[in-house]
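The structure displayed is predicted, hence computed values, not measured ones. All ligand and atom numbering here is 1-based and tracks the order in the structure.
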Amino acid sequence: MSNVRPETMERITTTALAEAFIEEQIAAIKAQVGDGKVLLALSGGVDSSVVAALLIKAIGKKLVCVHVNHGLLRKGEPEQVVKVFRDEMNANLVYVDAVDRFLDKLAGVAEPEKKRKIIGAEFIRVFEEEARKQEGIDFLAQGTIYPDILESGPVKAHHNVGGLPDDLKFELVEPLKFLFKDEVRVVGKTLGLPDNMVYRQPFPGPGLGVRCTGAITRERLELVRESDAILREEFAKNGLEGKVWQYFTVVPDFKSVGVKNNARVYEYPVIIRAVNTVDAMTATVENVPYELLHHIVDRILKEVDGVNRVLYDLTPKPTGTIEFE
Ligand code: XMP
């Protein structure tokens, strides 16, 4: 099958166009897979979620979704995947708690690319194990979108983790492969996925692992997760969600001295980063209103135990990258 988007294909900008696309894809999926079973790695990101929703509509429980919780997801994410897909969409969902496995493998590893490789390789291993437990899988669904095929931008250049072994090479089902991100979102919305799933900011494959710099510890990972949840909540409340390209917190691997309740404390800082970009090659810093920043700082200091300082990163890309690692 060609990997070039047909010139006649209209851009999907409305619900009506999305509905037509969905009908067309349901027919195409049914024609391709027949009675076969399809496996999907469902991260809860926009692309895999939309593929899941589409396939559930087309083939129901013949789709087996595997959600791997590697311990590096944001607060509430694994729970939301279970709620939306298993509870609400009645999906055949396998939830794999691989938190200890990933964190044990990552213990003591400080080098960023090494961390990425471990996370990627372990992910494939866990997914492979789940694939082997399933009987009669013939197809593998993937959330490939058109920019992945065009290989534009640095985002997917990081996806250097290899794939499943040869005896698990299934025929691919890639219903979104000619869509751009904005079209995927319209389709996802039309399929009834929640807004915070469809309009979410980009999130790297290695997740919070690259925001807990150096060797990951459970303690600092929790500080990243809790502070990130506060930042996201405040951005959403103050109309910045969907306006700012990417915003998150980072917890570096050093402590500093501070004062709490009249006593000296030696604790971790949290760094806030909020950037805008068109293609992720360069990025500028969002001018978050100072009043809001102060409010977020107050909340993090009050609510996240073990943090005594909050910093705001004003570095554009270049010279910084968007992430810290
Ligand atoms: P950087 O930090 O390189 O990030 O300026 C550019 C964009 O890519 C995302 N990113 C990743 N995405 N796996 C991914 O899937 C990764 O290892 C990875 N590293 C960075 C980053 O969040 C930003 O959107």
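- Each of the following atoms of ligand 1 lies closer than 4.0 Å to a heavy atom of K317: 1 (P), 3 (O), 5 (O).
- Under a 4.0 Å criterion applied to the non-hydrogen atoms of P206, ligand 1 contributes the atoms 13 (N), 16 (C), 17 (O).
- Here the shortest heavy-atom distance to atom 14 (C) of ligand 1, taken over G205, G45, P112, G120, belongs to G205.
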- Message: Between Y146 and F180, is the ring-ring contact (aromatic ring centres under 6.0 Å, His included) condition met? List the steps.
- Response: CA-CA 6 Å; Y146 205 42; F180 289 97; 5.5 Å; yes
- Check against salt bridge (charged side-chain N to carboxylate O under 4.0 Å, His left out), D47 and K181: CA-CA 8 Å; D47 305 335; K181 198 77 171 194; 3.1 Å; yes
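- Considering backbone and side-chain N/O atoms, R211 never comes within less than 3.5 Å of an N/O atom of ligand 1.
- Residue E325 has no N or O atom closer than 3.5 Å to an N or O atom of ligand 1.
- Judged as a side chain to side chain contact (heavy atoms under 4.5 Å, CB included), and not counting sequence neighbours, the contacts of N196 are Q80, P194.
- In this structure, the side chain of N261 does not engage the main chain of A263 through any donor-acceptor pair within 3.5 Å.
- A cation-pi arrangement is not found for R273 relative to Y247, the charged atom failing to lie both closer than 6.0 Å to the ring centre and inside a 45° cone about the ring normal.
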N/O donor-acceptor pairs under 3.5 Å from side chains in residues 24-38, not counting sequence neighbours:
residue : atom : partner : partner atom : Å
Q32     : NE2  : E171    : OE2          : 3.0
Q32     : NE2  : L172    : O            : 2.8
K37     : NZ   : E135    : O            : 2.9

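- On a distance-only criterion, P202 and ligand 1 share no N/O pair closer than 3.5 Å.
- Against a heavy-atom cut-off of under 4.0 Å, R116 is close to the following atoms of ligand 1: 16 (C), 17 (O), 18 (C), 19 (N), 20 (C).
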